[in-house]
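Notes for the one structure printed next.
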Amino acid sequence: MPEGHSIHRLARQFTSVFAGQQLSVSSPQGRFAAGAARLDGQALIAAEAHGKQLFLEFDNELFLRIHLGLYGAFDFGGDETFRRSSSIGAPRRVGEREIADDGGEPAYAGPPPPKGAVRVRLTSDHGWADLRGPTACEVLTPEEQRRVLEKLGPDPLQPRADPREFVRRLSARRTPIGLLLMNQEVLAGVGNVYRAEVLFRRLISPWRLARSITQEEALGLWNDIAGVMADGVAAGRIITTLPEHRVDASIPVPVSEAHYVYKRQGLPCRRCGTEVAMTEMAARKLYWCPSCQQT
DNA sequence: GGAAAATGATTAT
DNA sequence: TAATCCTTTTCCG
């Protein structure tokens, strides 16, 4: 997926192109037809992200909750306003990069016929958004939305988030830190890439039990996550390496230089040269440097 | 043409 | 721990 940074970009995109506008909502694929009917014709009040969840709030006090899962993605199109970003979500073709619009197209003449399994199509006077492959796509009442939110841990991308809440949810647990960073009830927004990268950056072993993580280490993790994910929001991709750890100094950062350990098993650690290791942890691939991350 | 993989999460055993 | 869901792209034969 699309980790938290992608969802915050989506919230921003929806706000900038759809907020305040009346939307047609449909489900070309048919699986969300009933839900779409409850939102069709309403104006979009706001778009907000909490971790990996996107909430679209409509004028009739209903929320559309979307979770992209592993491979969900939105495609956008429309007039000039829409040309900045045409795809946000799961990686498509060019590494993890969002696909840039080529520009130079004829004047906007309405949305194209849906291609593939489009769960939801949102259309305004100026453009459209197609959603494919989400894990979750459902209409919620304010009460139902509140219940979803209160389960989630704090989201480091939200200015109001409280790092002490993260520390509290970690404390005393006999669970490896590598597992808890992926647990959305502990911390909302981190996925497999940021999990591996941030543990490396803080030189912490993924197997350290949470109860052995000091408050300083936990706050160090929090701050690093907040910083690196904010960079992800700005760049539209995950880049965690520091310039001094890149061989190729070109800008933009090539895919091959963007990560310390994620998908680098067998390659030399950028910091110490030891081979990066990989194993499965709870059915997800875990990458780490056995030398830099001993404790 | 078919299998595998992908930045995820829930439910069942 | 295993099975299941959801969709597209990439890689292999």
Side-chain angles (χ1 to χ4, degrees), chain A residues 1-10 27-33 35 49-54 65-76 86-99 114-121 129-138 147-149 151-153 155-157 175-176 178-201 206 225 228-233 235-241 253 255-256 258-265 278-288:
Chain A
M1 148 175 167
E3 302 193 21
H5 70 299
S6 299
I7 312 309
H8 281 262
R9 279 178 72 80
L10 273 176
S27 178
Q29 173 203 50
R31 296 184 52 158
F32 186 64
H50 190 114
K52 301 174 188 174
Q53 320 243 355
L54 175 68
R65 178 180 81 95
I66 289 160
H67 193 305
L68 296 180
L70 257 184
Y71 41 76
F74 269 103
D75 285 326
F76 296 91
S86 63
S87 179
I88 299 179
R92 297 278 183 264
R93 293 193 282 275
V94 199
E96 67 164 9
R97 243 164 141 167
E98 293 163 15
I99 299 168
K115 197 165 300 179
V118 177
R119 186 79 61 86
V120 184
R121 166 169 282 186
D130 280 353
L131 171 64
R132 294 184 183 80
T135 283
C137 175
E138 61 177 354
R147 274 199 290 271
V148 171
L149 284 181
K151 272 202 144 188
L152 295 170
D155 176 353
L157 284 176
T175 308
L179 273 180
L180 287 186
L181 285 188
M182 298 270 286
N183 183 333
Q184 303 299 300
E185 296 181 17
V186 171
L187 177 68
V190 167
N192 206 18
V193 181
Y194 283 123
R195 177 260 295 262
E197 293 296 303
V198 167
L199 286 173
F200 176 88
R201 285 166 54 103
I225 291 167
V228 90
M229 288 187 73
D231 292 345
V233 174
R237 53 186 293 228
I238 301 177
I239 297 170
T240 56
T241 49
V253 179
V255 177
S256 60
H259 307 139
Y260 282 109
V261 291
Y262 179 73
K263 278 194 173 168
R264 294 195 69 246
Q265 73 273 26
M278 190 273 285
T279 188
E280 297 245 332
M281 181 187 248
R284 301 305 300 278
K285 287 183 174 168
L286 170 67
Y287 305 84
W288 82 106

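Distance Q184(A) CD to dG8(B) P: 8 Å, rounded to the nearest Å. In this entry the distance linking CG of L70(A) with C1' of dT7(C) reads 11 Å, nearest Å. The distance between atom NZ of K52(A) and atom C1' of dA6(B), rounded to the nearest whole Å, is 13 Å. Going from atom CG of D75(A) over to atom C1' of dT7(C) covers 12 Å, rounded to whole Å. Between the P atom of dT7(C) and the CD1 atom of I66(A) lies a distance of 14 Å, rounded to the nearest Å. To the nearest angstrom, C1' of dC5(C) lies 12 Å from CD of Q29(A). When rounded to the nearest whole Å, the span between CD of E280(A) and P of dA6(B) equals 9 Å. In this entry the distance linking CG of D130(A) with C1' of dT8(C) reads 14 Å, nearest Å.
Between R132(A) and D75(A), at least one side-chain N (NZ, or NE/NH1/NH2) sits under 4.0 Å from a carboxylate O, which counts as a salt bridge.
The side-chain contact (heavy atoms from CB on, under 4.5 Å) check on S256(A) picks up P254(A), with sequence neighbours excluded. Under the salt bridge (Lys or Arg N to Asp or Glu O under 4.0 Å) criterion, D155(A) pairs with no residue, sequence neighbours left out.
Distances shorter than 4.0 Å separate none of the side-chain N or O atoms of K285(A) from OP1 or OP2 on dA5(B). The shortest distance between the side-chain N/O atoms of H67(A) and the OP1/OP2 oxygens of dG8(B) is not below 4.0 Å.
Residue H50(A) comes nearest to A188(A) through the heavy atom pair CD2-CB, 3.8 Å, listed as atom of the first residue, atom of the second, then distance.
Listed candidates were dG8(B), dA6(B), dT7(C). Nearest to the side chain of R132(A) is dT7(C). Proximity note for E3(A) (side chain, C-beta onward) versus dA6(B), dT8(C), dG8(B): the nearest is dG8(B).
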task = Please lay out, stage by stage, how Y194(A) and H5(A) fare under the test ring pair (Phe, Tyr, Trp, His ring centres under 6.0 Å).
result = CA-CA 10 Å; Y194(A) 283 123; H5(A) 70 299; 5.4 Å; yes
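With P as the reference atom, dT8(C) and dT10(B) are 23 Å apart, rounded to whole Å. For the P atom pair drawn from dT9(C) and dA9(B), the interatomic distance equals 22 Å after rounding to whole Å.
If you check every strand for non-hydrogen atoms under 4.0 Å, R31(A) touches sugar and phosphate atoms only.
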